[in-house]
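What follows is a short report on a single structure.
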Amino acid sequence: RDYFKTSIGRFIMADPAFIPYEAYSFSEEEMKKRAHALFEFMDHRRTVRDFSDRPIPNEILEQIIRIANTAPSGANKQPWTFCMVTDPLIKQKIRLAAEAEEYENYHGRMSEEWLEDLAHLGTDWKKPFLEIAPALIVVFRKAYDVVDGKKKKNYYVQESVGLACGFLLAAIHHVGLVTLTHTPSPMNFLQEILGRPDHEKPFLLIPVAFPAPNVMVPNIHRKNLDEVLFYY
Ligand code: IYR
C-alpha cells in the first residue's frame, strides 16, 4: 500500500497519508510565562499610518510571506496569492487609483455614521503611505483554482485568507515593522494594475514599512476581557 508502480515499472514509496506530529511541550510554569509574554508582545502592536521610506531587505519580506503561508485553510487549499509591490511606478499607480476611489468614499459613498466612526482615527482620502512604504503586499483570495483548465473549488475562502492576513500582521510586528490593513473600496483596480487572473480577487492591501520617526497613533484602547470573553 505504501508503494506504487511507475509507468516504467519501478516501485517508489508513496507519500504516507498521515505522519507523526510532535507538539511543543512546556511545563505549566513555562506555558504561563509564554502566554504572558506573547500577550505583552501582541498588545504592543498598533496600526501605524506614517511610514519611513527606508528599504526593507528582501529576505525579510520573503520570510514574512512564508509565515503567512503557514496559516490553516479550508481543505488545505491555501486559496491566497501575495503580490509584493516594490516598483515605485506601480506603487504610484496603486496610490492614484486608491485615492480616486477613496475620494468618492469620503465625499458621499460612506454614510454619516461611518464617517463619524472614523473621525477619531484621522483618516481621509489621501493615501501618501502607498508610495512612501517600501513594499505593498496585495493579498488576493482565490474563490477557485484553475487546474489543467478546469475550475477546482476552494472552501471557506474569506476565513482562510483572513487567517493568513492575521499571521502576516503578526509576522510584520514580530520583525519590528509596521503596517495598516488598508481596504480601498472598491478595489478591483488592484486586479487590473497587477494583471492578476480572473479567479483572484483583491482581499487586503498591506503596506509594510519602518515607522516614521516620532510616529503618533490614535489614543484608543482594547476592550476588556469581560466584554469579549464569556465562560460557560
Ligand atoms: N477604506 C477607507 C475608509 C476606512 C474604513 C475603515 I472601517 C477604517 O477602519 C479605516 C478607514 C480608508 O482606508 O481610508
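No hydrogens, no waters, no symmetry mates; every other heavy atom, side chains included, goes into these values. Start at 1 and go down the list; that is how both ligands and their atoms are numbered.
- Under a 3.5 Å cut-off, the side chain of Asp87 and the backbone N or O of Leu89 do form a donor-acceptor pair.
- Annotation: Thr123 places no N or O atom under 3.5 Å from an N or O atom of ligand 1; distance criterion only.
- Distances between N or O atoms of Arg49 and those of ligand 1 include no value under 3.5 Å.
- For ligand 1 and Thr183, the ligand atoms under 4.0 Å from any heavy atom of the residue are 1 (N).
- Within 6.0 Å of CZ on Phe82 lie more than 12 heavy atoms contributed by other residues, nucleotides or ligands.
- Summary of contacts: the protein heavy atom closest to atom 7 (I) of ligand 1 is Trp114 NE1, 3.6 Å.
- For ligand 1, the atoms sitting less than 4.0 Å from at least one non-hydrogen atom of His182 are 13 (O), numbered in the order shown with element in parentheses.
- By the criterion of a heavy-atom distance under 4.0 Å, the side chain of Tyr106, and not its backbone, is placed next to ligand 1.
- In summary, the atoms of ligand 1 found under 4.0 Å from a heavy atom of Glu102, numbered by their order in the structure, are 1 (N), 2 (C), 12 (C), 13 (O).
- For the atom pair CD1 of Ile90 and CG of Leu130, the computed distance is 13.5 Å after rounding to the nearest 0.5 Å.
- The number of heavy-atom neighbours closer than 6.0 Å to CZ of Phe41, taken from other residues, nucleotides and ligands shown, is above 12.
- Numbered from 1 in the order shown, with element, the atoms of ligand 1 that lie under 4.0 Å from a heavy atom of Lys127 read 12 (C), 13 (O), 14 (O).
- For the residue pair Phe189 and Ile94, the shortest heavy atom distance occurs at CE1-O, 3.9 Å.
- In the model, Gln92 has no side-chain atom that pairs as donor or acceptor with a side-chain atom of Arg95 under 3.5 Å.
- The nearest heavy-atom contact from the protein to atom 10 (C) of ligand 1 is Leu118 CD2, 3.5 Å.
- Residue Glu227 qualifies as enclosed at atom CD: its count of foreign heavy atoms under 6.0 Å is above 12.
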